[in-house]
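Here's the structure we're looking at; comments come further down.
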Amino acid sequence: MTYKNEYIASTQHPDEFWLKQASNIAWFEPPLKGCQATDNGYYDWFRGGQLNTSYLALDHHVKNGRGEKTALIYDSPVTQTTQYFTYNELLSQVAAFAGGLSTLGVSKGDRVIIYMPMIPQAAVAMLACARLGAIHSVVFGGFAANELAVRIDDAKPKVIVTASCGIEGTKILPYKPLVDEAVSLASHKPSACVLFQREQLTAKVDEETDHDWNTLVENSTPAAPVAVDATDPLYVLYTSGTTGKPKGVVRDNGGHAVALHYSMGAIYGISEDDVFWAASDVGWVVGHSYIVYAPLIKGATTVLYEGKPVGTPDAGAFWRMIENHKINVLFAAPTAFRAIRKVDPDAEFFSKYDTSSLRTLFMAGERLDPPTYYWALEKIGVPVIDHWWQTETGWPICSNPMGLEPMDTKPGSSSVPTPGFNVKVLKGPNEEQTTGEKGAIAIKLPLPPGCLSTIWQDHQRFKDGYLREFDGYYSTGDNGYVDEDGYVFIMGRTDDVINVAGHRLSTGEMEEVLAAHPAVAECSVIGVNDALKGQLPVGLVLLKDGVSVDEKELEKALVQRVRDAIGPVACFKRAIVVERLPKTRSGKILRKLLRQIAANETVSVPSTIDDPASVKEIESLMRQKGLVEVSNSLNCEA
Ligand code: COA
Ligand code: AMP
């Protein structure tokens, strides 16, 4: 079937289309209905169907005689370890750990927070929760204790699963003290903590609440998969919004499994015999969907990599991985390739390895800038595919459908809407933008299976944040345009979310941290373009009247505060003191204007500005401090 036929079928007859896709996975009770309206004014998929996601990812393949096939490869240059897990082995570890969790009282609907480095136990813990029908919430290791505490208070987990340490390059980062601090900061107290002790660092244990992973597993009885409703939540994954409070994206079991299974074939062109590597982290949506669930539901081999694109040990790390594990499809963030290119511009490391197994390279997490696209295409010599998605959708909204019908790529575009996603560029409610004109990108409801069903414990926030702006559409928060061939170009966010090294961060949250400093009266955090990480946050701070500080000392203090409150992942390294911030007469800081100055774009000064002279003043200060881009290295053609 060609892409066009498939796309039309999926958008014109969604129920028929997705019920057919649903028949490709092993349900306990198959669904009879596709998409249905819900009492809370939204939709759900496959109501009435029953399944278990860990069963689909593991037991199903074992039952079909594929138990000895490799399910997961763990490759860790930072610990010099490689481990292979067959489907039989992974199933037995997951069932045992699920048994352990159930002795701690975890059962269907309970939440479990997983704060783990990139080790196989992270995937085992996720699948074990799925097995019990418990809802996992994985928190990325680069977040600070305070961020973890916020998530503990929102998700109210019964248990936290962690490890003694993470390893970042040559640094050993203790995780357990951070978990202890988070629990002490949070109002909700989980009843137990399961700790995986790594040989690089032994964490101190609290005899009352902590349980050693190995002991727990040894004393447990393997747990059977629990049947859950298609609409029951599989996980909550927190992502940055415009306010300081992260949003708990809720993913169901049924739609998720159907959509991911479909995507492995239609988008990535993956079969059961392939090796798929998503070079991300289980703490992000890419890790959830494409390190853990999708490749295993498909019955392929997945790869879990504990290392970096450079420095572990060198810029040949990705090529070594491809050669060693015969990787067929690689999925990574453009920032990883910018890092490799920076260290090894001529790709000398590349020629040292046999990468002939690689068929396609997919990129996401941020826009694939044309210079990186051309570099990767020229040096690696396989199709390089930019594809666009978000935590909320859980799988790509736009991509080149390599498994259905490979199309020409256009640099700077994430290609065409994926079957199921009715993508529109809007200039106002019910008003579509003309071809080639920039506007807000929205998706006509209903969204296909696999997308978020709500925000955890806050359906109103879900409605306000995504459904209110355009009646009948889901607002993506991105803007861009569609060209005459139907190719979608994503140009950036319409809100105050920034993207740092493929990580989504809220400037509003950083502003809250800066504003809490006793010397700061007001502030604004903006993303400035960065040749390696895409964007970096910079704080512009206005001091309280009568306060005088050493600017360098203040910057140091603010950097430390963001690190302590949000975490090193924020990469917040710069704060400058300003005399005034441009504002509207009603007192709103003109952040868009600041972003335009930083990007060296034409500045649109609104008529509502309070003091037009403040624009020239701030522009000149930003230039003086080197915050205005000289040439946009991420946009030039090659
Ligand atoms: N646990 C604890 N700390 C972590 C962490 C983790 N899992 N991940 C990152 N950090 C810390 C790093 O140690 C660093 O701390 P530092 O300021 O003390 O040095 C900080 O967070 C920033 O990390 P990072 O953004 O990874 O920067 P880097 O300079 O170490 O590496 C890249 C740069 C480009 C190589 C790296 O960002 C990268 O590989 N990015 C790809 C991102 C990705 O896959 N995104 C997923 C979307 S598909
Ligand atoms: P996250 O939820 O962390 O996956 O971040 C989602 C956001 O990252 C999107 O809303 C976009 O702003 C950006 N993004 C992700 N992939 C792409 C892409 N291929 N092109 C442009 N922007 C992207």
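The basis for the numbers below is simple: all heavy atoms, side chains too, and nothing from hydrogens, waters or symmetry mates. Each ligand, and each atom within it, is numbered from 1 in the order the structure gives.
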From the candidates F362, Y175, Y290, F331, the one that places a heavy atom nearest atom 1 (N) of ligand 1: Y175
Numbered atoms of ligand 2 (with element) below 4.0 Å of N499, judged on heavy atoms: 8 (O), 13 (C)
For atom 20 (N) of ligand 2, what is the nearest protein heavy atom, given as residue, atom name and distance? R367 CA, 3.2 Å
Considering non-hydrogen atoms of the protein only, which is the closest contact for atom 9 (C) of ligand 2, and what is the distance? D478 OD2, 3.3 Å
Atom 5 (O) of ligand 2 has as its nearest protein heavy atom R504 CD, 3.4 Å
Residue selection (non-hydrogen contact nearest atom 10 (N) of ligand 1) among E168, M363, R563: E168
Using a strict 4.0 Å cut-off to heavy atoms of W389, name the atoms of ligand 2 that fall inside it. 6 (C), 9 (C), 15 (C), 16 (N)
Report the C-alpha separation of I119 and S76 in whole Å, then their side-chain angles, then the decisive distance to 0.1 Å, and conclude whether the side-chain contact (heavy atoms from CB on, under 4.5 Å) test is met. CA-CA 8 Å; I119 54 176; S76 168; over 6 Å; no
Quick check: R493 and ligand 2, any N/O pair under 3.5 Å apart? yes
Would you tell me whether H387 and S414 have side-chain atoms, one donor and one acceptor, within less than 3.5 Å of each other? no
Check each atom of ligand 2 against the heavy atoms of I490 and keep those under 4.0 Å away; list them by number with element. 21 (C), 22 (N)
Which of the atoms in ligand 1, numbered in the order shown and given with their element, are less than 4.0 Å from a heavy-atom of L173? 2 (C), 3 (N)
Looking at CG of L532 and SG of C571, how far apart are the two atoms once the value is rounded to the nearest 0.5 Å? 9.0 Å
So that I know where these two stand, are W319 and Y353 an aromatic pair - ring centroids less than 6.0 Å apart? no
Hey, does the Lys NZ or Arg CZ of K379 hover above the aromatic six-ring of F350, less than 6.0 Å from the centre and inside 45° of the axis? no
I'd like to know if the side chain of Y238 pairs up with that of D154 as donor and acceptor (distance under 3.5 Å, no hydrogens or angles considered). yes
Protein residue, atom and distance nearest to atom 27 (O) of ligand 1, heavy-atom basis: K533 NZ, 2.9 Å
Which residue holds the protein heavy atom closest to atom 34 (C) of ligand 1, what is that atom called, and what is the gap in Å? T335 OG1, 3.5 Å
Using 30° and 60° as the class limits, which term best fits the ring planes of W395 and Y262: parallel, tilted or perpendicular? perpendicular
A278 and ligand 1 - part of the residue with a heavy-atom distance under 4.0 Å: neither
Is there a donor in the side chain of S415 and an acceptor in the side chain of S413, or the other way round, less than 3.5 Å apart? no
Under a 4.0 angstrom heavy-atom cut-off, which atoms of ligand 1 come close to V569? 21 (O)
For G142, the ligand 1 atoms with a heavy-atom partner under 4.0 Å come out as 1 (N), 2 (C), 3 (N), 4 (C), 5 (C), 6 (C), 7 (N)
Can you confirm whether L505 sits close enough to E509 that some side-chain heavy atom of one is under 4.5 Å from a side-chain heavy atom of the other? no
Of all protein heavy atoms, the one nearest atom 20 (C) of ligand 1 is P568 O, 3.5 Å
What's the spacing between K573 NZ and E555 CD if we round to 0.5 Å? 11.5 Å
Which is it for H503 and ligand 1 at heavy atoms under 4.0 Å: side chain, backbone, both or neither? side chain
In ligand 1, which numbered atoms sit nearer than 4.0 Å to a non-hydrogen atom of K171? 13 (O), 15 (O), 16 (P), 18 (O), 19 (O)
Using a 4.0 Å heavy-atom threshold (strictly under), name the region of F572 that reaches ligand 1: side chain, backbone, both or neither. neither
Tell me yes or no: between the side chains of K176 and Y115, is some donor less than 3.5 Å from an acceptor? no
What I want to check is whether the side chains of Y481 and Q433 have a donor and an acceptor closer together than 3.5 Å. no
With sequence neighbours left out, what residues match W277 under ring-ring contact (aromatic ring centres under 6.0 Å, His included)? Y305, F318
C571 to ligand 1, any heavy atom closer than 4.0 Å: yes
If you measure every N/O of D386 against every N/O of ligand 2, is any gap under 3.5 Å? yes
When rounded to the nearest 0.5 Å, the distance separating CE of M126 from OG of S137 is 10.0 Å
Heavy-atom gap M118 to ligand 1 smaller than 4.0 Å: no
On a heavy-atom basis, which atom in A570 and which in V562 lie closest, and how many Å separate them? CB-CG1, 4.0 Å
Atom 2 (O) of ligand 2 sits nearest the protein heavy atom T391 OG1, 2.5 Å
With backbone taken as N, CA, C and O and side chain as the heavy atoms from C-beta onward, which portion of R338 lies under 4.0 Å from ligand 1: side chain, backbone, both, or neither? neither
Distance under 6.0 Å and angle within 45° of the ring axis: does R320 meet both against F349? no
Who gets closest to atom 37 (O) of ligand 1 by heavy atom: G287, A336, A501, G567? A501
For the residue pair Y268 and S399, confirm or rule out a side-chain donor-acceptor distance under 3.5 Å. no
Among all protein heavy atoms, pick the one closest to atom 44 (O) of ligand 1 and tell me residue, atom and distance. A279 O, 3.3 Å
H459 and F462 aromatic ring geometry - parallel, tilted or perpendicular at 30°/60° bounds: tilted
Side chain, backbone, both or neither: which part of W284 comes within less than 4.0 Å of ligand 2 when only heavy atoms are counted? neither
Assess G365 for proximity to ligand 2: is some non-hydrogen atom of it under 4.0 Å away? yes
Plane angle bin for Y293 and H136 - parallel if under 30°, tilted between 30 and 60°, otherwise perpendicular: parallel
I need the atoms of ligand 1 closer than 4.0 Å to a non-hydrogen atom of K308, numbered in the order shown. 24 (P), 26 (O), 28 (P), 30 (O), 31 (O)
In ligand 1, which numbered atoms sit nearer than 4.0 Å to a non-hydrogen atom of S280? 44 (O), 46 (C)
A student checking ligand 1 against V286 at a 4.0 Å heavy-atom cut-off should list atoms 48 (S)
A student checking ligand 1 against F140 at a 4.0 Å heavy-atom cut-off should list atoms 5 (C), 7 (N), 8 (N)
Counting heavy atoms only, which of P309, G141, G502, A364 comes nearest to atom 35 (C) of ligand 1? P309
Drop me the distance from F276's CZ to I291's CD1, to the nearest 0.5 angstrom. 9.5 Å
Determine whether any heavy atom of L368 lies closer than 4.0 Å to an atom of ligand 2. no
Distance from atom 18 (C) of ligand 2 to nearest protein heavy atom, with residue and atom: E366 O, 3.3 Å
